[in-house]
*Asks:* 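Can you read through this structure? Questions will come right after.
Quick note: numbers below take in every heavy atom, side chains included, and nothing from hydrogens, waters or symmetry partners. In what follows, chains are A, B, ... by sequence order, proteins preceding strands, each numbered from 1.
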There are 2 protein chains.
Amino acid sequence: MYSLAEENYIKTIFHLQQTKKGVVSTNAIAESMDTKASSVTDMVQKLSEKKVLSYVKYKGAQLTEEGKKIATRIVRKHRLWEVFLVDKLEFHWDEVHEIAEQLEHIHSTELIKRLDKFLGSPAFDPHGDPIPDEHGNFVKTEKKLLSQLHKSQFGICVGVKESSTEYLQYLDKKKISIGTKINVLGKEFFDGSMVIEVGTNQFFVSKKIADNLYVQTL
Amino acid sequence: MYSLAEENYIKTIFHLQQTKKGVVSTNAIAESMDTKASSVTDMVQKLSEKKVLSYVKYKGAQLTEEGKKIATRIVRKHRLWEVFLVDKLEFHWDEVHEIAEQLEHIHSTELIKRLDKFLGSPAFDPHGDPIPDEHGNFVKTEKKLLSQLHKSQFGICVGVKESSTEYLQYLDKKKISIGTKINVLGKEFFDGSMVIEVGTNQFFVSKKIADNLYVQTL
DNA sequence: TTTATTTTTTAGCCAAGGCTAAAAAATAAT
DNA sequence: ATTATTTTTTAGCCTTGGCTAAAAAATAAA
């Protein structure tokens, strides 16, 4: 069993080594966790002894397989709870992070198993990020522009390229927000326009619109 | 904001002063929390400075109004989460305590407001204990025998007087367990037998049966 | 290739919460 | 009313997870 502090370090290092690719520097961890480098050194040395990560002085830290497993479980919990908060308690997607930060540390594998089932084993959280399955497997996703999808593919809205007021209002009107699933029903070869499905709504979007929306795809 | 340790002390003292009536001794707290008396003394002195309880050396501790408020909020959270675990995640009522012990420390008033609404503002938890409302008011309940109820009253099953195998099997068959709501539809003056409703089922119970079941009533 | 600068680590300190052992107060027994 | 026993407190120490300031290593600049 890992302490709250340990879990938070593991989670942070996991996220950092996704982006920064490879070993993570002491300073990077410190900055990301809003703490001091000296504190990070201490903790990283402790976690290294626990075989959660490998650590070479002055070089940085890198999670072991065990460490990644722990991190993945935390991420799974975090994202499932976010789905719960949004889908069941009707929170808005941008209000749930803080609460999920707390809920992700609740210890009970049975709880998560049942929560997952209760939520219908969702594949994405309300921000459009993929939820690892119970074995820790992430679906490998790619961030693309909506315009890059083909007919009968789908994507989860994760952001916009340029955010003009008009565009955001358009998305709002069409009930597209972060985490929304978008099915591509058809695509016009000639002008790149598409027919998409959002919820139960089906409508037409121009290439200009589809070029401005980022989606996460499998 | 109170720490995890502080919240646990406050909660424990709250429960102890319900039963033991009045001031709570250092040893009682220590035993109940499975810790040492010396640790209790330290914490109780700290909480006294924070005006959460009044404490007289060698005499014991007693929660202030503020302390009771904090305790009540924790109890409310604990019991609402238990309802969630049983009603929504289909845990059995005797499996949920540990998990609720963790969930009760999640900080977010909005979360509890929404959880309560989501659950239909339940008045009792799965053990038949009353859930304080958002202002901290407990419905004042009384523990009675089912046989003491009158027509059109209801009670929440909280236990049995004598537990023979046959009796427990009977309850099982009738889908009566801890936390089950029982409506008294009719009562026969002559022999004390009753017609009760459990879920959507309505059936007859003899006085002997009704005399053996404890229920919580408003 | 020295010298400066940045990054990281070490050393020493602090607060929270716990523990043990000894002292002090309260309570019970003679 | 003493003495014995139990309860509670104090004193001192431990671990976790922070912090600051100084030292050491790595990196960049001259």
*Asks:* Pick base, sugar-phosphate or nothing for Ala5(A), based on heavy-atom distances below 4.0 Å to the nucleic acid.
*Replies:*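 Sugar-phosphate: the residue Ala5(A), judged by heavy atoms under 4.0 Å, touches backbone atoms but no base.
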
*Asks:* Is there a side-chain contact between Ser39(B) and the phosphate of dC19(C), meaning an N or O under 4.0 Å from OP1 or OP2?
*Replies:* yes

*Asks:* Start at the 5' end of DNA chain D and walk down; is the nucleotide closest to Asn27(B) or to Lys57(A) reached first?
*Replies:* Asn27(B)

*Asks:* Between Tyr9(B) and dG18(C), is there a side-chain N or O to OP1/OP2 distance below 4.0 Å?
*Replies:*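 For dG18(C), OP1 or OP2 has a side-chain N or O of Tyr9(B) closer than 4.0 Å.
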
*Asks:* Tell me the interatomic distance from Lys36(A), atom NZ, to dT8(C), atom P, rounded to whole angstroms.
*Replies:* 15 Å

*Asks:* Let me know the distance between CD1 of Ile29(B) and C1' of dG18(C), rounded to the nearest Å.
*Replies:* 16 Å

*Asks:* In whole Å, I'd like the distance from the CG atom of Asp42(A) to the P atom of dT9(C).
*Replies:*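 The answer, rounded to whole Å, is 10 Å.
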
*Asks:* Would you kindly check if the NZ (Lys) or CZ (Arg) of Lys181(B) is within the cone defined by 45 degrees around the ring axis of Phe124(B) and under 6.0 Å from the six-membered ring centre?
*Replies:* no

*Asks:* So, does Thr26(B) get its side chain near the phosphate of dT9(D), meaning an N or O under 4.0 Å from OP1 or OP2?
*Replies:* yes

*Asks:* With nearest nucleotides of DNA chain D determined for Lys59(A) and Val40(B) from heavy-atom distances, which residue corresponds to the more 5′ nucleotide?
*Replies:*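 Going by which nucleotide is closer to the 5' end, it is Val40(B).
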
*Asks:* Scan Asn137(A), Ile156(A), Thr141(A) and name whichever one has a side-chain contact (heavy atoms from CB on, under 4.5 Å) with Pro130(A).
*Replies:*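 In the set Asn137(A), Ile156(A), Thr141(A), the residue that makes a side-chain contact (heavy atoms from CB on, under 4.5 Å) with Pro130(A) is Thr141(A).
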
*Asks:* If dA23(C) has a Watson-Crick or G-U wobble mate with both distances under 3.5 Å, name it; if not, just say none.
*Replies:* dT8(D)

*Asks:* Return whichever of Ser38(B) or Met43(B) has its heavy-atom-nearest nucleotide of DNA chain C closer to the 5' end.
*Replies:*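 By nearest-heavy-atom nucleotide position, the 5'-most residue is Met43(B).
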
*Asks:* Is the NZ or CZ atom of Lys88(A) both under 6.0 Å from the centre of the six-membered ring of Phe118(A) and within 45° of that ring's axis?
*Replies:*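 Verdict for Phe118(A): a cation-pi partner in Lys88(A).
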
*Asks:* Return the nucleotide paired to dA29(C): Watson-Crick means purine N1 to pyrimidine N3 with N6-O4 or O6-N4, wobble means G-U with N1-O2 and O6-N3, both under 3.5 Å.
*Replies:* dT2(D)

*Asks:* OP1 or OP2 of dT8(D) versus the side-chain N and O atoms of Thr41(B): is any pair under 4.0 Å?
*Replies:* no

*Asks:* With respect to the side chain of Gln45(A), which nucleotide from dT9(D), dT10(C), dC19(D) is positioned closest?
*Replies:* dT10(C)

*Asks:* Evaluate side-chain hydrogen bond (donor to acceptor under 3.5 Å, both in side chains) for Asp133(A) paired with His135(A), printing each intermediate quantity in order.
*Replies:* CA-CA 5 Å; Asp133(A) 70 18; His135(A) 309 296; 5.4 Å; no

